[in-house]
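These figures come from a predicted structure and were not determined experimentally. Chain letters run A, B, ... following the sequence lines, proteins first, then strands; residues in each count from 1.
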Amino acid sequence: MQSLDRSYEPRSIEREAQAFWAAKNSFHADEVPGKAKFYCLSMFPYPSGKLHMGHVRNYTIGDVLTRYYRMRGMNVLQPMGWDAFGLPAENAAMANKVPPAKWTYDNIAYMKRQLQGLGFALDWARELATCSPEYYKWNQWLFTRLFRKGLAYRKSGVVNWDPVDQTVLANEQVIDGRGWRTGALVEKREIPMYFFRITAYAEELLEALAKMDGWPEQVKLMQKNWIGRSEGVRIGFPYELQGEKKTLWVFTTRADTLMGATFMAVAAEHPIAAYAAKGDAQLAAFVEECKRGAVMEADLAQLEKKGMPTGLYCANPLTGEKLPVWVGNYVLMGYGEGAVMGVPAHDERDYAFALKYGLPIKCVIRHPAGDAVPEPWKPAYAEYGTCINSGKYDGLAYQAAVDAIAADLKAKGLGEKQVQWRLRDWGISRQRYWGCPIPIVHCAACGDVPVPDKDLPVVLPENLVPDGTGNPLAKLPSFYETKCPACGKPAKRETDTMDTFVDSSWYFARFACPDNDKAMLDARARYWMPVDQYIGGIEHAILHLLYSRFFARALKAEGLLAVEEPFTNLLTQGMVLAESYYTDASGRREWINPADVEVTRDAKGKIVAAKAKDGRAVVYDGIGTMSKSKNNGVDPQALIDRYGADTARFYIIFASPPTNTLEWSDESVEGSYRFLKRVWAYAAKFDEPRRTMAEGLAKTTRFEIHSVLKQANYDLAKHQFNTVASAAMKILNALERFDGGRFKEDGGRNTVVEEGLSILLRLLSPITPHICHHLWRELGLGRKGSPEQDDVMLAPWPDPDPEALKQDEIEYVVQVNGKTRGSVRLPKAADRAQVEASAAQSMQKYVAGQPIKKVIIVPGRLINIVV
RNA sequence: GCCCGGGUGGCGAAACUGGUAGACGCAGGGGACUUAAAAUCCCCAGGCCGCAAGGCCGUGCCGGUUCGAGUCCGGCCCCGGGCACCA
């Protein structure tokens, strides 16, 4: 053990503490009936190579919570695993000619060592990787169950197609509409895919949000909007095609504006568009143009609104008025009916479209600005109001108009009220190699046949190297040639793999029983689930969390889980950002890592210039997420190597509250290291003889320490850890003020110092466990003869002593007309008259003869004199 | 474009239910120790005016509510996250 005579050496004490925990198996969690369990989980990492700052932040936050709840006496589980399938492994494989499996396993080994070096309280016995057959077997098993229930099914879906590489591209691989490797213009292509019917749970997923008190409002709101329940009316517009009567259906939330419809717009993929394009080359070209391009909604939504008439007309179902049918590039086939009614007077997009193409604008809602809709567009035009120019519906307000119109449409068989969801079914097929094979066999006679349980898992061969032109599995007969499980005839195995979101939608439950090879989940999952505290990046607020909620419901329906909500409390950490710099001396931008940039400051510390360490001038490009493309990643390992894990952990906690973005600063790390050195140095002086302190100073110091502790516990409860770190600093400051430098006279251990150090080390131990572990034992602060003597983690969490918090006097802030002018100290027992008199007395200068209108007193805090 | 957040000193931040804006740190300035440097310790520090006492201004911008607004309300600007195949 490192002696306190030596200065703080993080490396040796961290190694020593980690060895202690390993020897004692300190972080192993067992199912203990009757003891309150606490399942604390951070989102598992993708094994990309090495830990990045976001990981360190995520796992430090999780570890602080884990260690805190342990000390609060709960049975805590904190596991770790690997989200090990995915695209980057294939990219690395192509670049290095190494199979994704080897690359992935090497990364896992390296990152595991890094996590261990950070001293996280993880139960490694439960480690799992989603790319192992023992894990993904159960993806496949569940898929076959959902398939038989109709919750997994096949239909066509749209993908990005690179015509040169003849391969499907991920959205990420499409840059400005072109393939990332070939530069070819990307096309949309429809292919058969498997979907999970998440929409079957839309209503439940939405309604449960209201009861999820442990989730941030922000995330619940995002999910609510994503699910997107809207009430409206499905309206049929009759038309004739070659003498045949047909109906064009639309969904609208504004049936009250039906009389203001002046055109119809359909998506390029709509059957009407396809029909009309047959006889019209120009329209055909436009439809083709709309169908090309990327599939991303963000891109589609920002396209210039364009349209073309089909030459077809349909009739307003109530008036028979003829309405031209257009094809519009802003109409999405995936939402509603793939067609909309155009009401230019009361919808901004329709308005712009009508102006552009000279379509009539008919005002049918009275709004504050009047009964017309002159240019330019005003948001008021879209507000609810009373119907006008609408015949028998004139004078009706929104709901009454919708009700009346829906009733009339229903009578004609041309409409009814409908609830529409924005949520779409989840397409899980990926035309990629490094993922979980979809357990389906395609048989000419029997159709899609799920692989029987006895043949699971369908094992993914681990030795392939993709070449960028399609899925290598589709080129491997030994993989896809098989026999139909139903009829035994030759058949073809599905070569698509599953979206990696499938893997991550249930891993949290598998941590309870990763060793079970007979069942996906068992009773241990029912013990540990739900996760009590889930921690992860805000960027996962919708997809991952929504898919996991869907899975929990599906697993409950299979009898595998007892709960339908997987995460009771959710903490969404902010992203870690860094500055980026570039030089364009050579004509094209070269990004310089912030670590290699030196800045010049003026006398006030403001940055006035920056240059690269090699002397080249650099341009500051602002702050953003750490990325390879901007070369602004900061490697946490360098930080850990230099200062130790405790400093890295402390800095990351201290720098910002967990939910904020964290702007990286190398300089500030130094301050965290300095603080830990001060803790060490102060502790080292603990047993030096000290003189007896004056009673008054002891009382003030205890008041200070216990007040700070009270606030720190309050902050911990609301997960504001940065101020807990501040609190530790304040306690050390108070202790140093108390007896700094006065170690000459005798007196032995001072009880104020002993108590202060004991509180400090316990408060700090979840954040910086190694140094606290060491000092706690070295100073012998634990109760004699108890297990906590050897291990601060086993000590009880400190709570403030109510005696120490008692005060005889209170300081009141005194304001005149709301402006702070001073303060007065008054005995705690002072009554209102005394408080007022004392305040008026002290404010004579400001009141100066003016009549006092009233005096506002906030008990124990503030006095405001209004003159 | 749509949905969700955020904006407070040179920087990260704090401020409990509307009640002393800037705690705790970083960077900066001054000093002590040292042959020197590093390390450590002490002091100063929102802006403007003033020798000082003190005064005025100040939480992205504009307006409102209130005895009192960083905090509540309305409008705007900028930045970040998500938009269904990155994870």
Side-chain angles (χ1 to χ4, degrees), chain A residues 7 43 45-46 48 83 86-88 157 159-160 168-174 216-219 221-222 224-226 228 295-303 305 330 334 349 423-424 426-432 499-501 504 537-544 546 572 574-575 577 601-607 622-625 654-657 659-663 665 667-672 674-675 677-678 681 711 714-715 718 720 722-723 725-730 733 740-741 811-823 853-856 858 861-866:
Chain A
S7 58
M43 290 179 186
Y46 177 78
S48 54
D83 188 12
L87 195 55
V159 293
N160 303 302
V168 175
L169 297 178
N171 284 341
E172 189 188 55
Q173 298 170 316
V174 179
E217 288 304 320
Q218 170 197 2
V219 174
L221 195 53
M222 280 194 260
K224 181 181 173 213
N225 292 334
W226 185 263
V295 298
M296 285 169 273
E297 193 186 315
D299 291 343
L300 294 172
Q302 281 170 89
L303 289 177
K305 310 283 172 284
Y330 66 98
R349 272 185 321 193
L423 183 68
R424 307 200 293 262
W426 171 15
I428 61 146
S429 293
R430 298 291 180 270
Q431 298 68 45
R432 276 196 265 290
D499 180 3
T500 57
F501 272 124
S504 57
I538 182 68
E539 67 273 20
H540 295 289
I542 297 175
L543 292 178
H544 163 61
L546 193 62
T572 48
M575 319 251 315
L577 309 180
R601 293 168 193 276
D602 66 10
K604 287 181 173 166
K606 198 175 184 174
I607 296 174
I623 203 139
T625 51
F654 177 63
S656 193
T659 53
N660 271 29
T661 54
L662 190 156
E663 290 168 30
S665 157
E667 288 166 336
S668 304
V669 174
E670 197 72 43
S672 299
R674 202 173 298 159
F675 169 65
K677 280 196 288 189
R678 277 177 56 213
Q711 182 66 43
Y714 178 83
D715 292 347
K718 61 174 180 171
Q720 184 175 296
N722 56 324
T723 48
S726 297
M729 290 174 154
K730 286 177 186 178
N733 289 347
E811 185 169 22
Y812 280 82
V813 171
V814 186
Q815 301 183 328
V816 177
N817 290 341
K819 255 191 172 45
T820 301
R821 294 297 185 183
S823 64
K853 274 199 230 155
K854 66 174 165 178
V855 178
I856 291 153
V858 181
R861 297 192 77 122
L862 170 139
I863 307 151
N864 186 14
I865 302 169
V866 185

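- Searching all strands for a Watson-Crick or G-U wobble partner of A21(B) with both distances below 3.5 Å returns nothing.
- Nearest to the side chain of Glu539(A), among G25(B), A87(B), U17(B), sits A87(B).
- Comparing the P positions of C24(B) and C42(B) gives a spacing of 13 Å, expressed to the nearest Å.
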Would Ser504(A) and Asp83(A) count as a side-chain hydrogen bond (donor to acceptor under 3.5 Å, both in side chains) if you check the C-alpha gap in whole Å, the side-chain angles of each, and the deciding distance to 0.1 Å? CA-CA 7 Å; Ser504(A) 57; Asp83(A) 188 12; 4.7 Å; no
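- Nucleic acid contact class of Gln815(A) (heavy atoms, under 4.0 Å, all strands): base.
- You'll find that the side chain of Met222(A) is closest to C4(B), out of C4(B), A84(B), C24(B).
- Here Asn733(A) reaches the OP1 or OP2 of G25(B): one of its side-chain N or O atoms lies under 4.0 Å away.
- A close approach under 4.0 Å does occur between a side-chain nitrogen or oxygen of Asn722(A) and OP1 or OP2 of A14(B).
- In this structure, the side chain of Asn864(A) engages the main chain of Gly818(A) through a donor-acceptor pair within 3.5 Å.
- Residue Asp499(A) comes nearest to Gly427(A) through the heavy atom pair OD2-O, 4.3 Å, listed as atom of the first residue, atom of the second, then distance.
- Residue Ile856(A) is classed as a base contact, given a heavy-atom separation below 4.0 Å to a base.
- A straight line from CG of Asp715(A) to P of A15(B) spans 6 Å, rounded to a whole angstrom.
- One interatomic measurement links the two molecules: CG of Leu662(A) to P of G81(B), which rounds to 15 Å at whole-angstrom precision.
- One interatomic measurement links the two molecules: CG of Asn171(A) to C1' of C86(B), which rounds to 9 Å at whole-angstrom precision.
- C62(B) and U8(B) are spaced 16 Å apart, taking the P atom of each and rounding to whole Å.
- Residue contacts shown for Gln173(A) are absent, as no nucleic acid heavy atom lies under 4.0 Å away.
- Not one side-chain nitrogen or oxygen of Asn864(A) sits closer than 4.0 Å to the OP1 or OP2 atom of G19(B).
- Other residues, nucleotides and ligands contribute at most 12 non-hydrogen atoms within 6.0 Å of the NZ atom of Lys853(A).
- The shortest heavy-atom contact between Gly537(A) and Met43(A) is N-SD, 3.8 Å.
- Look at CD on Glu670(A): it is 18 Å from C1' on C24(B), rounded to the nearest Å.
- If you measure from atom CD of Glu663(A) to atom P of G12(B), you get 5 Å, rounded to the nearest angstrom.
- Among the heavy atoms of the strands, none lies under 4.0 Å from Ala541(A).
- Side-chain nitrogen and oxygen atoms of Gln720(A) include at least one within less than 4.0 Å of the OP1 or OP2 phosphate oxygen of A15(B).
- Here Arg861(A) does not reach the OP1 or OP2 of G18(B): none of its side-chain N or O atoms lies under 4.0 Å away.
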side-chain contact (heavy atoms from CB on, under 4.5 Å) between Ile428(A) and Phe501(A), intermediate numbers included: CA-CA 8 Å; Ile428(A) 61 146; Phe501(A) 272 124; over 6 Å; no
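- Taking only side-chain nitrogens and oxygens, Lys854(A) never comes nearer than 4.0 Å to OP1 or OP2 of U66(B).
- Base-pair partner of G70(B): not found among the strands shown (Watson-Crick or G-U wobble, both distances under 3.5 Å).
- Contact annotation: Asn817(A) side-chain N/O to G68(B) OP1/OP2 distance is not under 4.0 Å.
- When the C1' atom is compared between G70(B) and G58(B), the two are found 11 Å apart, to the nearest whole Å.
- Taking atom P on both nucleotides, U66(B) is separated from U71(B) by 16 Å, rounded to a whole Å.
- Taking the nucleotide of RNA chain B with the nearest heavy atom to each of Leu423(A) and Ile538(A), the more 5' of the two is matched to Ile538(A).
- Side-chain to base pairing of Glu297(A) with C2(B): no donor and acceptor N or O lie closer than 3.5 Å to each other.
- Looking only at distances, no side-chain donor or acceptor of Ser656(A) sits under 3.5 Å from a matching main-chain atom of Glu663(A).
- For the C1' atoms, the distance from G18(B) to U59(B) is 15 Å, rounded to whole Å.
- Across every strand in view, C76(B) sits in a pair with G60(B) that passes the Watson-Crick or G-U test at under 3.5 angstrom.
- Shortest non-hydrogen contact noted between Phe654(A) and Ser672(A) is CD2-OG, 4.5 Å.
- When the side-chain nitrogen and oxygen atoms of Thr661(A) are compared with OP1 and OP2 of C79(B), none of them lie within a distance under 4.0 Å.
- Syn is the conformation of G9(B), whose glycosidic angle sits no further than 90° from 0.
- When rounded to the nearest whole Å, the span between CG of Leu862(A) and P of A21(B) equals 10 Å.
- For the pair Ala727(A) and Arg432(A), nearest-nucleotide mapping onto RNA chain B gives the more 5' position to Ala727(A).
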Determine whether Val814(A) and Arg821(A) satisfy the following criterion, side-chain contact (heavy atoms from CB on, under 4.5 Å), listing intermediate values before the conclusion. CA-CA 6 Å; Val814(A) 186; Arg821(A) 294 297 185 183; 5.8 Å; no
Could you go step by step and tell me if Asn733(A) and Arg678(A) meet the side-chain contact (heavy atoms from CB on, under 4.5 Å) rule? CA-CA 10 Å; Asn733(A) 289 347; Arg678(A) 277 177 56 213; 2.7 Å; yes
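- Here C86(B) sits opposite no nucleotide as a Watson-Crick or G-U wobble pair (both hydrogen-bonding atom distances under 3.5 Å).
- Proximity of Ser656(A) to the phosphate of A13(B): a side-chain N or O atom is located under 4.0 Å from OP1 or OP2.
- Picking from C56(B), C85(B), U40(B) the nucleotide with the shortest atom distance to the side chain of Lys677(A) gives U40(B).
- Of the side-chain N and O atoms in Ser668(A), none sit less than 4.0 angstrom from OP1 or OP2 of G25(B).
- For Lys819(A) and G68(B), the shortest distance from a side-chain N or O to OP1 or OP2 is not below 4.0 Å.
- Taking only side-chain nitrogens and oxygens, Arg678(A) never comes nearer than 4.0 Å to OP1 or OP2 of A39(B).
- The nearest whole Å value for the distance from the CD1 atom in Ile542(A) to the P atom in C83(B) is 8 Å.
- G28(B) is paired with C44(B) under the Watson-Crick or G-U wobble criterion, all donor-acceptor distances under 3.5 Å.
- Note on Ser504(A): nothing from the nucleic acid sits closer than 4.0 angstrom, heavy atoms only.
- Residue contacts shown for Trp226(A) include a base, since a base heavy atom lies under 4.0 Å away.
- Taking atom C1' in both G10(B) and C49(B), one finds a spacing of 22 Å when rounded to whole Å.
- In this structure, the CZ atom of Phe501(A) is 10 Å from the C1' atom of C85(B), given to the nearest Å.
- Base contact: Val168(A) has a heavy atom under 4.0 Å from a base atom.
- A distance of about 16 Å separates the P atoms of A15(B) and A21(B), rounded to the whole Å.
- Residue Arg674(A) has no polar side-chain atom (N or O) positioned under 4.0 Å from OP1 or OP2 of A39(B).
- Among the atoms of the strands shown, base atoms are found under 4.0 Å from some heavy atom of His540(A).
- Taking atom C1' on both G9(B) and C48(B), the two are 14 Å apart, rounded to the nearest angstrom.
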